[in-house]
Amino acid sequence: MRILFYSTSSSVYDENLVSKTFPTYAQEFEDLAKKYAEYDFIIATQLPGMFLLDLSHDELAFKAKSVQYEIIKEDREEEIADFLETLKPDLAIAVTFYTVPFDWLTAKDALVAEYLEKKGIKTICHNLQTALDCFDKWKTHNLLQRLNIKTPKAVYIHHELFINAANRTFVKSNVYKSAVLHEIEELNFPVIIKDTTGFSSYGTDVLENFEQVKNFLKSKKFTSDKIVEEFIKGVHLGTQIIGKPKGRKIVYEIEPPFLFSVNKYGITSPKQSEKAGPVNSKRYKIHKLNKILKHLSRACRFKGIAQVDLIFDGKDWFVIEINPRLSGMTTTYAHMQGKTVCETFLDSAQFLLKQSDGAKKTRTKRQKTKYYFTLNIKLSLADEYESKEFLKKSYIKKIYEIKNLAAQQLRERGYCELILTAKTKDELLENLEDLNNTYAQKMEKIFYENAKELIKKL
């Protein structure tokens with residue numbers, strides 16, 4: 001059976017953004033190929049091929065010897081599908097990543113999947129409607145409301161109407177602007193203001209009162225459609241859902257949530273956020289969360305890996321954002337289960353693979369998933385020698401180096417992210433202490449303190 005991992009991009013590859021992983025993806029895919037020798041694996045992607053490629057500028061730095069690599073040159077979705085068909089896959093699994101400025105790659109991969117399905121090739125990829133509903137944050141808000149899932153009360157601002165309607169020669173007053181400002185004034189403050197199609201937490205502002213909102217809407221920051229939503233006070237968390245096709249049905253695996261650290265404004269920041277999990281304390285009412293996420297999964301018909309951002313206010317769960325794609329959480333969840341990220345991709349196809357000729361006669365007893373306590377923590381940039389030294393610590397399972405070669409400020413130049421695991425919460429705290437003592441010059445005090453608090457809250 002030939003299994004294809006594919007992904008697409010919509011942006012020009014930026015060689016100034018450099019990422020390295022240890023162990024390399026090539027090593028992990030080589031191990032996967034040895035473990036599942038009955039399958040032929042193919043990787044086909046546009047650059048940068050996150051979660052798949054080890055790049056040096058725009059060249060492959062490492063390759064798994066047992067895996068076929070293809071860089072997709074085409075850009076139109078139908079042409080990409082035509083190219084992928086020539087690779088003769090029996091199953092195509094979308095490994096959808098993210099890129100600036102728009103988090104919309106799920107839609108492109110979904111279009112490719114539609115063309116592949118028409119060619120008779122089985123696919124694992126979220127559908128186009130789910131991709132569009134989750135790309136546009138206002139659509140996501142309305143989806144959650146239709147499903148009776150708690151989400152922050154919000155007001156949508158159509159930029160052109162708000163700014164330009166009163167400039168029309170025959171318009172005496174901008175009724176739309178007056179109505180929107182009235183709706184915003186009725187919200188509970190503080191509020192968060194963000195783009196409807198923004199990426200992660202970039203460009204998000206926390207505003208304390210109505211005057212600040214009005215000043216923002218008069219400023220040069222207001223250049224596109226926005227959402228103003230109430231700031232929910234509580235614990236920030238995230239979780240992962242895997243939709244696994246099984247015949248005409250989809251079986252949903254809902255992972256236990258992880259705690260997120262927040263910045264000084266009380267929101268998660270992709271460059272600073274740390275994560276610890278799994279959360280299993282009774283005070284978080286995980287049973288209520290699982291009911292909500294199953295309801296959401298059935299409505300969206302997730303097919304593959306999706307990530308959901310959450311807030312728990314001590315009583316109720318709020319869904320903040322839905323990302324039907326891979327995220328930084330994907331690798332964390334893999335190591336929480338003692339796996340590599342590429343094994344997680346294959347997990348999404350477990351029922352399809354059981355139906356294949358090589359596996360259909362094999363029946364395995366279902367075992368309870370074993371979870372390790374896991375921590376994501378950020379350190380100052382490390383060189384290659386230091387990264388290899390990190391791996392000598394048995395509790396460090398994965399290392400990411402993220403560099404921006406064009407950055408002027410020191411903090412913007414990048415960071416090193418580590419994934420630590422342990423059998424117990426106390427052991428994870430001991431590992432954190434050891435890391436801090438050994439690499440004190442790389443560890444910022446605020447990151448160390450945040451990580452320690454997250455572990456204690458699990």
Side-chain angles (χ1 to χ4, degrees), residues 1 3-7 39 51 89-97 105-135 139-140 143-144 146-149 238-257 286-310 319 321-327 329-330 333-334 337 339 341-356 359-360 362-364 366-369:
M1 185 176 190
I3 300 176
L4 167 69
F5 300 110
Y6 80 93
S7 53
Y39 304 131
F51 304 97
D90 298 294
L91 173 65
I93 301 175
V95 182
T96 306
F97 55 90
L105 298 187
T106 306
K108 188 167 184 178
D109 282 348
L111 286 169
V112 172
E114 284 190 10
Y115 288 121
L116 289 175
E117 289 279 355
K118 290 177 182 178
K119 296 173 183 292
I121 299 169
K122 292 181 179 179
T123 67
I124 293 182
C125 182
H126 303 295
N127 65 63
L128 182 59
Q129 188 59 57
T130 295
L132 296 176
D133 283 342
C134 298
F135 160 61
K139 281 189 174 183
T140 305
L143 169 67
L144 293 169
R146 289 198 303 273
L147 296 175
N148 291 316
I149 294 175
T239 192
Q240 181 171 275
I241 301 167
I242 306 179
K244 304 178 180 184
K246 187 178 183 181
R248 295 183 178 181
K249 298 181 180 179
I250 302 177
V251 176
Y252 299 106
E253 180 180 313
I254 297 172
E255 307 287 5
I286 301 300
H287 64 285
K288 289 182 68 174
L289 173 63
N290 288 339
K291 287 182 180 179
I292 293 167
L293 294 177
K294 284 180 181 178
H295 181 41
L296 176 65
S297 299
R298 294 188 188 104
C300 292
R301 289 191 61 78
F302 293 131
K303 194 178 175 185
I305 296 172
Q307 186 257 334
V308 183
D309 289 340
L310 307 155
V319 173
E321 193 167 306
I322 309 168
N323 298 306
R325 55 158 171 77
L326 306 186
S327 69
M329 292 290 290
T330 309
Y333 271 109
Q337 298 180 33
K339 302 176 182 179
V341 67
C342 52
E343 287 182 274
T344 303
F345 305 156
L346 211 56
D347 280 349
S348 63
Q350 71 176 89
F351 298 113
L352 296 180
L353 297 179
K354 283 182 180 179
Q355 297 168 6
S356 69
K360 66 182 179 182
T362 303
R363 290 195 175 189
T364 56
R366 187 174 180 181
Q367 297 179 340
K368 187 177 180 180
T369 303

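Model, not experiment: these values are computed from the prediction.
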Going by side chain to side chain donor-acceptor pair (under 3.5 Å), name the residues that satisfy it together with Glu343, two or more places apart in sequence or in a different chain.
Lys35, Thr340

Heavy-atom side-chain contact between Phe5 and Leu346 under 4.5 Å:
yes

Heavy-atom side-chain contact between Cys300 and Leu143 under 4.5 Å
yes

Gap separating the OH atom of Tyr6 from the CG atom of Asp109, nearest 0.5 angstrom:
5.0 Å

Any carboxylate oxygen within less than 4.0 angstrom of a Lys/Arg side-chain nitrogen, looking at Lys339 and Asp347?
yes

Closest heavy-atom contact between Ser7 and Phe97?
OG-CE2, 3.4 Å

For Lys139, enumerate each residue passing the salt bridge (Lys or Arg N to Asp or Glu O under 4.0 Å) test, keeping only those at least two apart in sequence or located in another chain.
none

Point-to-point distance, once rounded to the nearest 0.5 Å, from CG of Leu326 to OG1 of Thr344
9.5 Å

Can you confirm whether Lys291 is buried at NZ, in the sense that more than 12 heavy atoms of other residues, nucleotides or ligands lie under 6.0 Å from that atom?
no

If you count heavy atoms of other groups shown closer than 6.0 angstrom to NZ of Lys119, is the number above 12?
yes

Identify the two heavy atoms, one from Pro324 and one from Cys134, that lie closest to each other, and give their separation to 0.1 Å.
CD-CB, 3.5 Å

Closest approach of Ala92 and Leu116, non-hydrogen atoms and distance?
CB-CD1, 3.9 Å

Spacing of Phe302 atom CZ and Ile322 atom CD1 [to the nearest 0.5 Å]
5.5 Å

Do Thr330 and Gln240 have side chains that get closer than 4.5 Å, going by heavy atoms?
yes

Separation between CD1 (Ile124) and CG (Leu91), nearest 0.5 Å, reads 5.0 Å

What is the distance from atom CG of Asp133 to atom OG1 of Thr106, rounded to the nearest 0.5 Å?
12.0 Å

Salt bridge (Lys or Arg N to Asp or Glu O under 4.0 Å) involving Glu117 - partner list, sequence neighbours excluded
Lys303

4.5 Å side-chain heavy-atom contact, Tyr333 and Ile242:
no

Heavy atoms, side chains only, cut-off 4.5 Å: are Ile121 and Leu4 in contact?
no

Closest non-hydrogen atom pair, Gly238 against Gln307:
CA-NE2, 4.4 Å

Do His126 side-chain atoms and Ile305 backbone N/O form a donor-acceptor pair below 3.5 Å?
yes

Please walk me through it: do His295 and Asn148 pass side-chain contact (heavy atoms from CB on, under 4.5 Å)?
CA-CA 10 Å; His295 181 41; Asn148 291 316; 5.7 Å; no

For a 4.5 angstrom cut-off between non-hydrogen side-chain atoms, does Val319 reach Leu310?
yes

Do Leu105 and Arg325 touch side chain to side chain, with heavy atoms closer than 4.5 Å?
no

Atom CG of Leu296 and atom CZ of Arg298: how far apart are they, to the nearest 0.5 Å?
11.0 Å

